[in-house]
Protein chains: 2
Amino acid sequence: MTNSRRGRSASAEDVAKLAGVSRASVSRVFSDQGNVARETREKILQAANELGYQVNFLAQGLNRKRSQLIGVVVARLSDPFRSSLLEGLLSEIQRKGYQALVTEVRDANELEMTIRRFTQFRVSGVVVTSGQPPADLVKECVQHNIPVVGINRHMDIPYVDFVCSDNKMAASLVAEQFIRCGCKSIGWLNYKESTWSGINRGKVFYQVMVEKGACDESDLLQITAEMDGYEGGRQAAHRFCEQGKIVDGVFCANAQLACGFLDGMRENGFDAPADFHIIGFDNTPQTAQYSYRLTTIHQDVLETAKRVLSRLEARGQDPHIVQSIEEIPVKLVIRNTSPNFEPTMIRAK
Amino acid sequence: MTNSRRGRSASAEDVAKLAGVSRASVSRVFSDQGNVARETREKILQAANELGYQVNFLAQGLNRKRSQLIGVVVARLSDPFRSSLLEGLLSEIQRKGYQALVTEVRDANELEMTIRRFTQFRVSGVVVTSGQPPADLVKECVQHNIPVVGINRHMDIPYVDFVCSDNKMAASLVAEQFIRCGCKSIGWLNYKESTWSGINRGKVFYQVMVEKGACDESDLLQITAEMDGYEGGRQAAHRFCEQGKIVDGVFCANAQLACGFLDGMRENGFDAPADFHIIGFDNTPQTAQYSYRLTTIHQDVLETAKRVLSRLEARGQDPHIVQSIEEIPVKLVIRNTSPNFEPTMIRAK
DNA sequence: CAAAACACTGAACACGTGTTCATTTTTTGA
DNA sequence: TCAAAAAATGAACACGTGTTCAGTGTTTTG
């Protein structure tokens, strides 16, 4: 009786009627726009409270031609780093008053369908955490004035911004650590069909190593995993040992590979840091655990998320600003698998 | 020129004009409702294709009083099981043609705000993967005819359905395994301020153990972790050893606690299965890895997700069906920390 | 062959909001 | 005190869809 006629939720019309004002004023109060006298505002708020009124976001979005939704494209959430990145994004999206529309995507075709559906919801922005945004789809977004931001990759697509962990900085930190520890023959472990960021990390790492004179071309050993993830790293280690190869230090494209490789080496009787140093990427919780204590590059997901939203809002304001590519600083977290040993202590075995 | 006037996306009106029919027919084609001649349908589809027309979901939802969104409440995605559960839900939600509106929630207050926002988007359903749905908020959903389903808990809220892993079955499987292995003094490890499902698992486990005569009251040892997650389990193990206690077999409320406890015991010189058996809950990827090889209860997240959506749709059709509480069968995955040993092999040390 | 059933179409309304524009009321400045 | 400026208000339109209802032409039925 006191509220919502016939189960339907109250509309601004109902509130206006009860408060004895026009619907326009109600709209003004709830969209915080235009002027409204303090007295009538209070009347309206009280009536709204009594009726349990809440703005209908669908109608609001229809009118404004823009919803307060943000589309997020994710993939392989089973990877701990991916899920922690999503966690950061969600946190920041909500803090800014938006709502996340999350879609998991497997192949490029699904990505196309997904982004198309995002536009149908008139999202305020699209965040692509994985996979390469197809050029024509992005063009469609630009036509609709929907900002697009990609994470941990950068490419030359006009009007699409990118936020990426600073792979060059990561490479430098790792190279310096290896040099400091006296590592001579260095390995780079990556998945055969890696992501853009994986490939880029390897490329930059190689450049930096040569730059610093830490190794000749022949010294940098490419270790290729046939599978991704923990199991891929482990099998790579087994193959590595079978072939009788040897390394001082290994840098891995991600945490999963690193843990797997370390365990695989252990199964073959080698351990870090006694026999070799190993450094991972992505400071996932697992790498900190007792069984691993992995020295690792730490990506700041919260800072990443903040930059992403900041870019979205900037381009939402003015769609024609120049493309921005931001690099987020990383840290080297020193743990057991590459401690601050004296050079002489390495290869003690 | 060929499409969308002035950057605005094409509307059904535009399509109708180009195809030389009324807007009503366009709507009929795209909502797959009512009759429309094959010939005109084709004209319309061609015109739509030419203009790149796509239904505006906001307008559609406004009219239908229901969007094709489904609200998902999550918490602590850093827990691998939580993220794999979300993965399953996303997959199923998309397969059914919906879109997931994901919100991470920390305290009960946030949960309230969140569900309220869900109703503002006129979602087709709400999935609560964590936290207790506040009774009055749920009442609000029921008033709006929005179905609500909770996961891994069940409570007596009218018109709210629950889907829960079969904790009784899990307890039986574990109890039988411990009995088969000749374990005598059993421990139950849980976080001090555990979730509903954690507490329930412990309660049911205790019941089953007594039922089967596997242990007296005095034999079941409650091990309480002061923190949640890996570190909590590890510290619990240290305290446990300090107090000089001893157990045959330990059952853990979740995988994180289990891994932590195992590592903690290892730091104290005890290992499984040589010194004790340990069985975890949630078959997360980590538990399968070389360093753990944890025997564990496996929850079927995909089946859970399927049931959830099935319940959502059922109650969407008829809001007044009786409350349904479904139990999803679980499996015991035998690995190294509680293998199929002969009874005599246990406690060999 | 008339009548009834059927397939198809378009005009008009409803959904709930934001916003413009003209109008009324209040405040300001001398 | 009065003109001018500022603030507050309400009527009306637009956003893009689904759906009802009446109307037209076409096929089936008895």
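The chains referred to below are lettered A, B, ... by the order of the sequence lines, with proteins before strands, and numbering in each begins at 1.
- Residues from residues 32-41 of chain A lying near DNA chain C, meaning a heavy-atom separation below 4.0 Å, are A/Gln33 in numerical order.
- If you take CD of B/Gln60 and C1' of D/dT19, they are 13 Å apart, rounded to a whole angstrom.
- Other residues, nucleotides and ligands place more than 12 heavy atoms under 6.0 Å from the CD atom of B/Glu42.
- Screening B/Val128, B/Ile328, B/Leu89, B/Val301 for a side chain to side chain contact (heavy atoms under 4.5 Å, CB included) with B/Ile151, the sole residue that qualifies is B/Leu89.
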Measure all distances between protein nitrogen or oxygen atoms and nitrogen or oxygen atoms of nucleotides 10-12 of chain C, and list the pairs falling under 3.5 Å.
| residue | atom | partner | partner atom | Å |
| --- | --- | --- | --- | --- |
| C/dG10 | OP2 | B/Ser22 | N | 2.9 |
| C/dG10 | OP2 | B/Ser22 | OG | 3.2 |
| C/dG10 | OP2 | B/Ser25 | OG | 3.4 |
| C/dG10 | N7 | B/Arg28 | NH2 | 2.8 |
| C/dG10 | O6 | B/Arg28 | NH1 | 3.4 |

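- Partner of A/Asp161 under the side-chain hydrogen bond (donor to acceptor under 3.5 Å, both in side chains) criterion, chosen from A/Arg315, A/His154, A/Gln323: A/Arg315.
- In this model, the phosphate group of D/dT17 is not approached by any side-chain N or O of B/Ser27 to a distance below 4.0 Å at OP1 or OP2.
- Between the side chain of B/Asn63 and the base of D/dG18, at least one donor-acceptor pair of N or O atoms lies under 3.5 Å.
- Between the CZ atom of B/Arg66 and the C1' atom of C/dG16 there is a distance of 16 Å, rounded to whole Å.
- As a whole-Å value, the separation of A/Lys43 NZ from D/dT9 P is 8 Å.
- A/Leu18 is listed as a side-chain neighbour of A/Glu50, based on a closest heavy-atom distance under 4.5 Å.
- If you measure from atom NZ of B/Lys17 to atom P of C/dT9, you get 19 Å, rounded to the nearest angstrom.
- One atom, CZ of B/Phe30, and another, P of D/dG16, lie 15 Å apart when rounded to the nearest Å.
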